[in-house]
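For reference, the structure is listed below as structure tokens.
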Amino acid sequence: MVILGISCFYHDSAAAITRDGKVLAAAQEERFTRIRHDSSFPGNAIRYCLEAAGLELRDVELVVYYENSRKKLSRIVSTIMTHMPSSLDMLSGFLPEWWSGKYSAEDRIRKELRSQFGIKDDRCRIREVDHHLSHAASAFFPSPFDNAAILVVDG
Ligand SMILES: [Fe+2]
């Protein structure tokens, strides 16, 4: 199975392509845009990965995003509510971002794939995974191990 992994909209956007669990190519968007910690959709990195892997986007069976948007939204709301009223400033910053669709990564990715690569919506399967599972996968897949226990320590 060919999977395109995407990280973006926060910091250090990147793309990677795997086939049957083996990494074929990976790149960070800042290498192409020359913008340090670029958080934009990694269109350049995706194009590079496809070319390096000798594939086209239509060969990709699944697009995986490194974060679960619903969980992230829930975490942000929970943090804001826990720290009321001192978190009112956070709330006023969060609401416009939420309203603009910032926390719906699947929609944003679908839109970018449509505009940058001409992919029709029905040809694009997107799945969001837990952030820390993504961290674990980034350690496991490039490793030489067939099995591993992984501890993720983040944030
Ligand atoms: Fe993280």
Side-chain angles (χ1 to χ4, degrees), residues 1-83 90 93-94 97-98 101-117 119 121 123-155:
M1 176 179 224
V2 176
I3 297 174
L4 168 64
I6 296 176
S7 169
C8 55
F9 309 140
Y10 186 45
H11 60 78
D12 300 302
S13 294
I17 293 182
T18 63
R19 177 187 283 139
D20 300 328
K22 185 175 188 294
V23 178
L24 301 179
Q28 200 167 336
E29 185 68 4
E30 73 173 26
R31 304 290 177 195
F32 305 96
T33 63
R34 313 304 298 168
I35 299 168
R36 192 84 173 115
H37 303 300
D38 193 344
S39 65
S40 64
F41 181 79
N44 297 298
I46 292 170
R47 275 183 277 278
Y48 166 80
C49 288
L50 289 169
E51 189 178 333
L55 298 170
E56 297 191 25
L57 197 53
R58 67 171 176 251
D59 300 320
V60 171
E61 297 166 78
L62 180 66
V63 175
V64 176
Y65 183 64
Y66 83 108
E67 173 87 87
N68 181 313
S69 297
R70 272 195 214 138
K71 275 192 175 177
K72 183 175 185 174
L73 180 62
S74 170
R75 196 170 59 234
I76 291 169
V77 170
S78 174
T79 300
I80 290 172
M81 298 312 286
T82 301
H83 298 283
M90 233 175 118
F94 162 75
E97 287 181 343
W98 176 72
K102 181 179 177 181
Y103 296 98
S104 178
E106 185 178 332
D107 290 346
R108 294 175 75 189
I109 290 169
R110 196 174 298 284
K111 192 173 156 188
E112 292 290 345
L113 290 173
R114 193 184 317 124
S115 68
Q116 290 195 33
F117 294 89
I119 293 295
D121 287 351
R123 292 269 315 137
C124 181
R125 251 175 73 209
I126 299 173
R127 184 172 164 203
E128 297 184 352
V129 298
D130 286 357
H131 181 74
H132 295 131
L133 184 60
S134 298
H135 274 298
S138 76
F140 177 73
F141 285 115
S143 83
F145 305 112
D146 293 328
N147 294 293
I150 300 170
L151 172 67
V152 175
V153 181
D154 187 24

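Note that the structure is a prediction, hence the values are computed from the model and not measured.
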My understanding is that only one of Val2, Leu55, Ile46 makes a side chain to side chain contact (heavy atoms under 4.5 Å, CB included) with Val60; could you say which?
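Per the side chain to side chain contact (heavy atoms under 4.5 Å, CB included) rule, the option paired with Val60 is Val2, out of Val2, Leu55, Ile46.
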
Let me see the working for Arg110 and Glu106 under salt bridge (Lys or Arg N to Asp or Glu O under 4.0 Å), right down to the final yes or no.
CA-CA 6 Å; Arg110 196 174 298 284; Glu106 185 178 332; 2.8 Å; yes

Between the side chain of [X] and the main-chain N/O of [Y], is any donor-acceptor distance below 3.5 Å?
X: Glu30; Y: Asp12; answer: no
X: Glu128; Y: Tyr65; answer: no
X: Ser7; Y: Ala14; answer: no
X: Ser39; Y: His11; answer: no
X: Asp130; Y: Leu133; answer: no
X: Ser143; Y: Phe140; answer: yes
X: Ser69; Y: Ser104; answer: no
X: Asp20; Y: Met1; answer: yes
X: Ser115; Y: Lys111; answer: yes
X: Thr79; Y: Arg75; answer: yes

Measuring from atom [atom1] of [X] to atom [atom2] of [Y], what distance do you get when rounded to the nearest 0.5 angstrom?
X: Arg125; Y: Ile3; atom1: CZ; atom2: CD1; answer: 8.5 Å
X: Arg34; Y: Asn44; atom1: CZ; atom2: CG; answer: 12.0 Å
X: Ile119; Y: Glu112; atom1: CD1; atom2: CD; answer: 13.5 Å

Does the side chain of [X] reach to within under 4.5 Å of the side chain of [Y], using non-hydrogen atoms?
X: Tyr48; Y: Ile17; answer: no
X: Phe32; Y: Asp38; answer: no
X: Leu57; Y: Leu4; answer: yes
X: Tyr10; Y: His131; answer: no

Within the supplied structure, the quantity of interest is the number of heavy atoms (other residues, nucleotides, ligands) at a distance under 6.0 Å from Gln116 CD; does it exceed 12?
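Buried by this count: over 12 neighbours within 6.0 Å.
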
Residue pair Ile126, Ile6: steps toward the side chain to side chain contact (heavy atoms under 4.5 Å, CB included) verdict
CA-CA 10 Å; Ile126 299 173; Ile6 296 176; over 6 Å; no

Kindly assign one of parallel, tilted or perpendicular to the pair His135 and His132, based on the angle between their ring planes and the thresholds 30° and 60°.
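If you compare the ring of His135 with that of His132, the planes turn out parallel.
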
Tell me whether the rings of Phe41 and Phe117 are parallel (<30°), tilted (30 to 60°) or perpendicular (>60°).
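Judged by the thresholds at 30° and 60°, the geometry between Phe41 and Phe117 is perpendicular.
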
Least distance between heavy atoms, [X] atom then [Y] atom:
X: Pro42; Y: Cys8; result: CD-CB, 3.7 Å
X: Ala25; Y: Ala52; result: CB-CB, 3.9 Å
X: Glu29; Y: Ser40; result: CG-OG, 4.2 Å

